[in-house]
Chemist: 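Quick one: structure below, then a few questions.
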Amino acid sequence: LPNLSLLVGEEPAQMVKQTGKIQLKYCLRDLNVVEHPPTVRAFPSFYRPVLKQLRRCSRSELRRRIFYPKVRSEKLNILVFDSGYFTLRESVRALEMLNHSVEVLSVPRPQQGQEQVDGQEDGGARECGENFVKRLLTKITSFKPHFIFTVNHLGFDKEGKLTELLTQLQIPVLCWYVDSPSYILENHERNLSPLLYIFVWEKHYVEKLKNLGFRNVYYLPLATDPEVFRRIPSHHRCLDSYRCDVSFVGNSMVKAVEKWFRKFPHSPAAEKIGQLAIQMQRRSHQTPMEEILSRIKSEYGLSIPFEHDEAIIAFESALVLKSTQQYRRELVEALEEFGLHIYGDEGWFSLVSPEKFALFPPLDYYTQLPLLYNASKVNLNATSFQMNSAVNQRVFDVAACGGFLLTDCQPDMQELFELGREAICYQDREQLKELVKFYLQHPQQRAEIARQARERVLAEHTYLHRMEKMISVFREEMS
C-alpha cells in the first residue's frame with residue numbers, strides 16, 4: 001500500500017518518536033489513532049504506553065502553538081531564507097531599517113554536480129531536507145514569524161513538500177523573483193498556496209503565473225542599496241585604476257549557452273526552430289521567447305520536438321541566452337573606436353579580439369563595481385532578453401553612484417525615470433555610437449543627467465522602497 005509505514009521491534013518510547021517523524025513527513029497532520037483491543041489485551045505493557053502517548057500527539061501541538069495573528073503588529077517578525085543570493089543582504093538591511101525584527105535561516109543548496117535526476121533524491125539530500133525542516137520548525141516556534149521571505153523561491157523543493165507544510169501551519173511566504181521563475185514552473189501545481197505571495201521583477205510573468213493558478217502575483221522592480229553604491233569624489237585615488245571613457249560589465253554567456261544547450265535533445269527540427277527564434281527575438285526584445293515559439297508554430301507550422309516541460313523550458317532558456325550573447329557582442333563591437341573596457345568572464349576572449357578591446361576579469365559586486373561606475377565616463381547597459389520590459393540592476397546601481405548610463409530602451413524605463421532628463425536610451429547600435437560620441441564631448445550635460453538620475457533613484461528606487469511596498473501589499477491582502 002502507498003504511504004504505509006510499518007514499525008517493528010521498537011521500544012514504546014522509540015515507537016512514539018518514529019511516529020512523530022512520520023507525522024512531520026506529512027506536514028504535521030492530525031493523527032487518527034485506531035485501537036485493536038485483542039492486541040492491546042495480549043501485550044498491555046507495550047501498547048498501553050504507546051496508545052497513551054499517541055493520543056496526546058493526535059492533534060499536533062506545534063500547529064496549536066503557531067496559530068497566532070500574522071499582520072496585526074506594526075513591527076513584524078520576518079524569517080529570511082538565506083541562500084547566499086546577492087539581493088538578500090540588501091533586503092535584510094532594508095527590513096531592519098523599517099524597524100522590523102529579522103532572523104535569518106540558512107537553506108540547503110545542492111552541491112555542484114549533485115543535481116536531482118528525474119525528481120529523485122539521494123539519501124544525503126533527504127537527510128539535509130529533514131534537518132532543515134527541524135531547524136525551521138524550531139525557529140518558527142521560538143521566533144513566531146509573521147511571514148517567511150525568500151528570493152527566487154530558494155529553500156523550497158520542486159515537489160512542494162515545504163509549501164504544503166507551511167500552508168498547513170498557516171505561515172505566509174513572500175517570494176521576490178529577481179530572475180526567471182522557471183524553477184517554480186516545473187511541477188507548479190505542487191507549489192500552489194493561498195498563502196504564497198510572489199513578486200516578480202518582470203511584468204510578463206505576472207499574467208503567466210496567475211494563469212498557472214498562483215493567486216497573489218505582483219510586479220516589483222529591482223532596486224539599489226545606496227550604502228554600497230554611493231558617489232565618490234572624482235579626485236579620489238581609489239578610482240584611478242578604473243578610469244576610462246566607456247565601460248561595459250557583463251557576462252559573455254559562453255558557459256551558460258553551452259550548459260543550457262546540453263539540457264535538451266538536439267535534432268534538425270530543433271536547430272531550425274532555434275535559429276529562426278533567435279532571429280525573431282533579436283528583432284523584438286519585448287516579445288517573450290515562448291510567444292515567439294508559438295508564432296513560429298502558427299506561421300511556419302514548426303512545433304517544438306519535445307514532450308517534457310523540462311526540455312521545453314531548457315530550450316527556451318538556451319535561446320534567450322544565445323540571443324543575449326549575440327546582442328551584447330554586436331553592441332560592444334560597435335564601440336571599438338572608443339577604447340571600450342569590458343569587465344567579465346574569460347568567454348569574452350572567444351567572442352571579441354583582445355587586441356581591439358581592453359578585457360578585464362569580473363569585478364566584486366560590493367567593493368569594485370561601485371568604483372568603476374564612478375570612474376567611467378559612460379557606463380553601457382545591454383539588457384538581457386530574459387527581460388522583455390524590465391530593467392536590470394545596473395540601471396539603479398550606476399545612478400546611485402552618480403554615474404552616467406547609456407541603456408537600451410526597455411518599456412519600464414518610461415515608468416521609472418523621466419527619459420531625456422534622468423536617463424538616456426539608445427534604439428540600436430548606430431544610435432548608441434552617436435550617443436557615446438556626443439556625451440563624451442559634453443561632460444556638463446552628462447553630469448546633469450547623472451545628477452537627476454541619482455535624485456530619482458534615492459527618492460524612489462532603493463531596497464527600502466521595495467521592501468516597504470512588498471509589506472504594504474502583504475498587509476492589504478491579508479487584511
Side-chain angles (χ1 to χ4, degrees), residues 229-255 282 324-365 367-384 391-410 420 423-451 453-454:
F229 291 89
R230 62 189 186 280
R231 188 165 50 193
I232 301 173
S234 59
H235 63 271
H236 205 294
R237 293 182 63 182
C238 67
L239 303 180
D240 289 349
S241 59
Y242 299 95
R243 298 187 194 278
C244 60
D245 283 345
V246 191
S247 67
F248 174 71
V249 180
N251 196 286
S252 68
M253 302 291 181
V254 170
K255 290 185 177 180
R282 292 289 310 279
T324 301
Q325 181 188 71
Q326 293 183 2
Y327 174 60
R328 288 182 173 179
R329 179 179 181 177
E330 178 184 280
L331 291 177
V332 300
E333 287 181 339
L335 300 183
E336 176 187 343
E337 65 185 274
F338 299 101
L340 177 67
H341 285 204
I342 300 175
Y343 290 83
D345 58 290
E346 294 181 353
W348 281 109
F349 286 92
S350 64
L351 294 183
V352 298
S353 173
E355 299 175 355
K356 297 179 179 179
F357 296 91
L359 302 180
F360 299 89
L363 297 176
D364 182 82
Y365 180 77
T367 61
Q368 296 177 308
L369 202 52
L371 300 179
L372 176 67
Y373 290 163
N374 273 274
S376 179
K377 295 179 182 177
V378 174
N379 294 279
L380 170 64
N381 187 44
T383 310
S384 166
V391 301
N392 59 21
Q393 197 81 33
R394 188 170 297 109
V395 170
F396 305 108
D397 290 345
V398 171
C401 289
F404 178 77
L405 180 78
L406 275 180
T407 185
D408 35 15
C409 295
Q410 291 291 93
I424 302 298
C425 300
Y426 61 87
Q427 295 283 355
D428 51 43
R429 56 184 292 175
E430 294 304 320
Q431 187 181 31
L432 171 63
K433 292 173 64 175
E434 294 174 2
L435 289 171
V436 168
K437 184 176 182 180
F438 176 85
Y439 283 104
L440 285 177
Q441 295 174 350
H442 295 82
Q444 290 185 344
Q445 293 186 35
R446 194 172 71 230
E448 177 60 20
I449 291 169
R451 184 188 68 81
R454 184 170 183 271

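Computed from heavy atoms alone, side chains included, the values below leave out hydrogens, waters and symmetry copies.
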Chemist: What is the distance from atom CG of L371 to atom OG1 of T367, rounded to the nearest 0.5 Å?
Modeler: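 If I round to the nearest 0.5 Å, the distance is 7.0 Å.
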Chemist: Any non-hydrogen side-chain atom of L359 less than 4.5 Å from a side-chain atom of V352?
Modeler: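 L359 reaches V352 side chain to side chain.
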Chemist: Does V249 offer a backbone N or O that forms a donor-acceptor pair with the side chain of R394 under 3.5 Å?
Modeler: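 Present.
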Chemist: Could you walk me through whether V378 and D245 pass the side chain to side chain contact (heavy atoms under 4.5 Å, CB included) test, one step at a time?
Modeler: CA-CA 6 Å; V378 174; D245 283 345; over 6 Å; no
Chemist: Not counting sequence neighbours, which residues clear ring pair (Phe, Tyr, Trp, His ring centres under 6.0 Å) with Y426? List them please.
Modeler: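 Y426 satisfies ring pair (Phe, Tyr, Trp, His ring centres under 6.0 Å) with no residue once adjacent residues are dropped.
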Chemist: Taking F360's backbone N and O only, do any of them form a donor-acceptor pair with W348's side chain (distance below 3.5 Å, no angle check)?
Modeler: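 No: the side chain of W348 does not pair with the backbone of F360.
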Chemist: Could you tell me which non-hydrogen atom of A400 sits nearest to which non-hydrogen atom of R454, and how far apart they are?
Modeler: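 Reported closest heavy-atom pair: O-NE, 3.1 Å.
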Chemist: I need the L435 CG to T407 OG1 distance, nearest 0.5 Å.
Modeler: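 Going from the CG atom of L435 to the OG1 atom of T407 covers 11.5 Å.
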Chemist: With a 6.0 Å cut-off (strictly less than), is the heavy-atom count around CD of Q441, excluding the residue itself, greater than 12?
Modeler: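 Counting other residues, nucleotides and ligands, CD of Q441 exceeds 12 neighbours.
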Chemist: So, for P362 and G344, which heavy atoms are closest and what is the spacing to 0.1 Å?
Modeler: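 Taking every non-hydrogen atom into account, CD-O, 3.1 Å.
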Chemist: Kindly write out the residues that satisfy side-chain hydrogen bond (donor to acceptor under 3.5 Å, both in side chains) with R231, not counting sequence neighbours, or none if the list is empty.
Modeler: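 Per chain and number, R231 pairs via side-chain hydrogen bond (donor to acceptor under 3.5 Å, both in side chains) with no residue.
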Chemist: How long is the straight-line distance from OG of S376 back to CG of L405, given to the nearest 0.5 Å?
Modeler: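 Here the interatomic distance stands at 10.0 Å.
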Chemist: Just so I know, are the side chains of K356 and E333 near enough to count as touching, which here means a heavy-atom distance under 4.5 Å?
Modeler: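 Counting from C-beta outward, K356 and E333 never come under 4.5 Å.
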Chemist: Just verifying a value: how many Å separate L406 CG and Y439 OH, rounded to the nearest 0.5 Å?
Modeler: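 Separation between the atoms: 7.5 Å.
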Chemist: Can you give me the closest heavy-atom contact between C425 and D408, atom names plus distance?
Modeler: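 For C425 versus D408, the nearest heavy atoms are SG-O, 4.1 Å.
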Chemist: Has H236 got more than 12 heavy atoms of other residues, nucleotides or ligands less than 6.0 Å from its NE2?
Modeler: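 No, not enclosed.
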Chemist: Any side-chain heavy-atom pair from V436 and L380 closer than 4.5 angstrom?
Modeler: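 No. Closest side-chain heavy atoms not under 4.5 Å.
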Chemist: Is L331 close to F248 at the side-chain level, that is, under 4.5 Å between some pair of heavy atoms?
Modeler: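 No; the side chains remain at least 4.5 Å from each other.
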Chemist: With under 30° as parallel and over 60° as perpendicular, where do the rings of Y343 and H341 fit, or are they tilted in between?
Modeler: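 Tilted, since the angle between the ring planes falls between 30° and 60°.
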Chemist: More than 12 foreign heavy atoms under 6.0 Å from CD of E346: is that the case here?
Modeler: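 No, CD of E346 has 12 or fewer neighbouring heavy atoms, counting only those of other groups under 6.0 Å.
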Chemist: CD/Q444 to CD1/I449 distance, rounded to the nearest 0.5 angstrom?
Modeler: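 Rounded to the nearest 0.5 Å, the CD-CD1 separation comes out at 12.0 Å.
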Chemist: For the residue pair N374 and Y242, confirm or rule out a side-chain donor-acceptor distance under 3.5 Å.
Modeler: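 No, no side-chain donor-acceptor contact under 3.5 Å.
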Chemist: Can you find a heavy atom in the side chain of I232 that is under 4.5 Å from one in the side chain of L239?
Modeler: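 They are in side-chain contact.
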Chemist: Judged by atom type as modelled, is there a donor-acceptor pair below 3.5 Å linking the side chain of E336 to the main-chain atoms of F357?
Modeler: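 No, the answer is negative, given that no donor and acceptor are paired below the 3.5 Å cut-off.
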Chemist: How about T383 and V391: do any of their side-chain heavy atoms sit closer than 4.5 Å?
Modeler: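 A side-chain contact under 4.5 Å is absent here.
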Chemist: Does atom CZ of R230 have more than 12 heavy-atom neighbours from other groups under 6.0 Å away?
Modeler: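 Not buried by this count: 12 neighbours or fewer within 6.0 Å.
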Chemist: Would you name the heavy atoms of Q427 and Q431 that are closest together and state the gap between them?
Modeler: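 For Q427 versus Q431, the nearest heavy atoms are N-OE1, 2.5 Å.
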Chemist: Check whether any side-chain heavy atom of F229 lies under 4.5 Å from a side-chain heavy atom of L369, and answer yes or no.
Modeler: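 Yes. Closest side-chain heavy atoms under 4.5 Å.
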Chemist: With the threshold set at 4.0 Å, does a side-chain nitrogen-carboxylate oxygen contact exist between K437 and E434?
Modeler: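 E434 and K437: not salt-bridged.
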Chemist: Considering all heavy atoms of both residues, which atom of L351 and which atom of S252 are nearest to each other, and what is their separation?
Modeler: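 Smallest interatomic distance, heavy atoms only, reads CD1-O, 3.6 Å.
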Chemist: Is any side-chain heavy atom of F404 closer than 4.5 Å to a side-chain heavy atom of K377?
Modeler: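 No, side chains not in contact.
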Chemist: Please evaluate residues L440 and V246 with respect to the criterion side chain to side chain contact (heavy atoms under 4.5 Å, CB included), reporting the C-alpha separation (whole Å), side-chain torsions for both, the decisive distance (0.1 Å), and the verdict.
Modeler: CA-CA 9 Å; L440 285 177; V246 191; 4.2 Å; yes
Chemist: Which residues satisfy the side-chain hydrogen bond (donor to acceptor under 3.5 Å, both in side chains) test with R328, sequence neighbours excluded?
Modeler: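 R328: no side-chain hydrogen bond (donor to acceptor under 3.5 Å, both in side chains) contacts found.
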